[in-house]
Amino acid sequence: MGMISLRSIKQALVALLKQNYPKYAVHFDNVEKQDAPYFYIEMQPMIHTVDRVYSERTIQIDITFVPEEDNYGRVDRSQLYDIADTLDGCIRPVFFVEDRAITIMDGETTIHDEILHYIFNLEFADYREAKRVTEDLMAELQITWTKGT
């Protein structure tokens, strides 16, 4: 077990979305003039250091889905509900990253201005392999002991 990088989490999210929605683009950077529909993902990491080896990490993930509008600028809300249900079923109760299975306790779905947000937290502990010290930790110590008089 080693550290999970943000890049590995990104790859897992892209693979999950592409498996379920192969025709939709997935973005992590600013999106300008992108044709809908597409996903946009933001990750906000927080790290709490326990010691030199272990860290507790929480990464809030917001998967935004921007749907396609019809000729009148309307959005089919049932599509948003279907995608929210699919995301919840794929992410909870267990989300997989590399060799790790992370239990996801809660997921939040909101729709604002006809844009879907599915928000959840990845909470896990990371292990950073301790560096071995190659130097001698103790120098030679010489003791002279004389019997008291």
Side-chain angles (χ1 to χ4, degrees), residues 1-140:
M1 173 177 76
M3 283 193 60
I4 298 176
S5 68
L6 291 175
R7 188 176 297 252
S8 295
I9 294 168
K10 176 182 174 182
Q11 290 170 346
L13 289 166
V14 170
L16 179 101
L17 291 172
K18 285 297 188 180
Q19 178 181 356
N20 290 284
Y21 303 100
K23 295 181 181 178
Y24 298 165
V26 180
H27 299 281
F28 285 82
D29 300 319
N30 292 336
V31 180
E32 292 183 27
K33 298 181 183 175
Q34 174 67 35
D35 290 332
Y38 64 88
F39 290 98
Y40 174 75
I41 301 174
E42 287 190 32
M43 297 189 296
Q44 296 180 1
M46 295 177 286
I47 301 171
H48 173 75
T49 301
V50 176
D51 57 27
R52 289 182 176 183
V53 178
Y54 288 98
S55 294
E56 294 173 349
R57 296 179 67 193
T58 299
I59 301 171
Q60 183 183 64
I61 297 177
D62 181 350
I63 300 175
T64 302
F65 176 70
V66 179
E68 187 173 26
E69 296 178 349
D70 67 12
N71 293 337
Y72 301 103
R74 296 177 300 199
V75 169
D76 180 6
R77 277 249 173 154
S78 63
Q79 180 190 26
L80 299 179
Y81 300 143
D82 290 344
I83 290 176
D85 288 342
T86 300
L87 290 175
D88 193 56
C90 293
I91 292 169
R92 287 184 339 103
V94 179
F95 181 74
F96 295 93
V97 180
E98 294 179 345
D99 62 343
R100 307 266 294 270
I102 302 170
T103 302
I104 307 299
M105 300 302 288
D106 299 308
E108 176 186 340
T109 300
T110 60
I111 297 173
H112 184 69
D113 290 338
E114 304 305 327
I115 294 176
L116 169 72
H117 291 269
Y118 183 79
I119 303 166
F120 65 100
N121 289 332
L122 288 176
E123 296 177 2
F124 56 95
D126 255 344
Y127 167 77
R128 187 181 300 234
E129 191 171 323
K131 295 179 182 176
R132 295 188 180 263
V133 178
T134 57
E135 303 172 12
D136 289 334
L137 294 179
M138 182 181 277
E140 191 173 313

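Count residues from 1 along the sequence.
Applying the side chain to side chain contact (heavy atoms under 4.5 Å, CB included) rule to His48 yields the partners Val50, Glu56; only residues at least two apart in sequence or on another chain are considered. Residues satisfying the salt bridge (charged side-chain N to carboxylate O under 4.0 Å, His left out) criterion with Asp106, sequence neighbours excluded, are absent altogether. Listed by chain and number, the residues in a side chain to side chain contact (heavy atoms under 4.5 Å, CB included) with Asp29 amount to none (sequence neighbours excluded).
The CG atom of Asp62 sits 8.5 Å away from atom CD of Glu108, with the distance rounded to the nearest 0.5 Å. How far CZ of Phe95 is from CD1 of Ile9: 7.5 Å, rounded to the nearest 0.5 Å. The CD1 atom of Ile119 sits 8.5 Å away from the OG1 atom of Thr109 when rounded to the nearest 0.5 Å.
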Show every donor-acceptor pair shorter than 3.5 Å between a side-chain atom in residues 35-45 and any protein atom, with sequence neighbours excluded, or say none if there are none.
none

For a quick test of your reading: what N or O donor-acceptor pairs under 3.5 Å do the side chains of residues 79-89 make, sequence neighbours left out?
from: Gln79; atom 1: NE2; to: Tyr24; atom 2: OH; distance (Å): 3.2
from: Thr86; atom 1: OG1; to: Tyr21; atom 2: OH; distance (Å): 3.4
from: Thr86; atom 1: OG1; to: Asp82; atom 2: O; distance (Å): 3.0
from: Asp88; atom 1: OD1; to: Arg92; atom 2: NE; distance (Å): 2.7
from: Asp88; atom 1: OD1; to: Tyr118; atom 2: OH; distance (Å): 2.5
from: Asp88; atom 1: OD2; to: Arg92; atom 2: NH2; distance (Å): 3.3

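Judged by distance alone, with hydrogens and angles left aside, the side-chain atoms of Asn121 form no donor-acceptor pair with the main-chain N or O of Glu123 at under 3.5 Å. A donor-acceptor contact shorter than 3.5 Å links the side chain of Asp126 to the backbone of Ile4.
Annotation: salt bridge (Lys or Arg N to Asp or Glu O under 4.0 Å) contacts involving residues 111-121, sequence neighbours excluded, comprise Arg77-Glu114.
Residues Ile59 and Phe124 meet the side-chain proximity criterion, which asks for heavy atoms closer than 4.5 Å.
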Practice problem: List the steps and the verdict of side-chain contact (heavy atoms from CB on, under 4.5 Å) for Arg57 and Leu122. | Solution: CA-CA 8 Å; Arg57 296 179 67 193; Leu122 288 176; over 6 Å; no
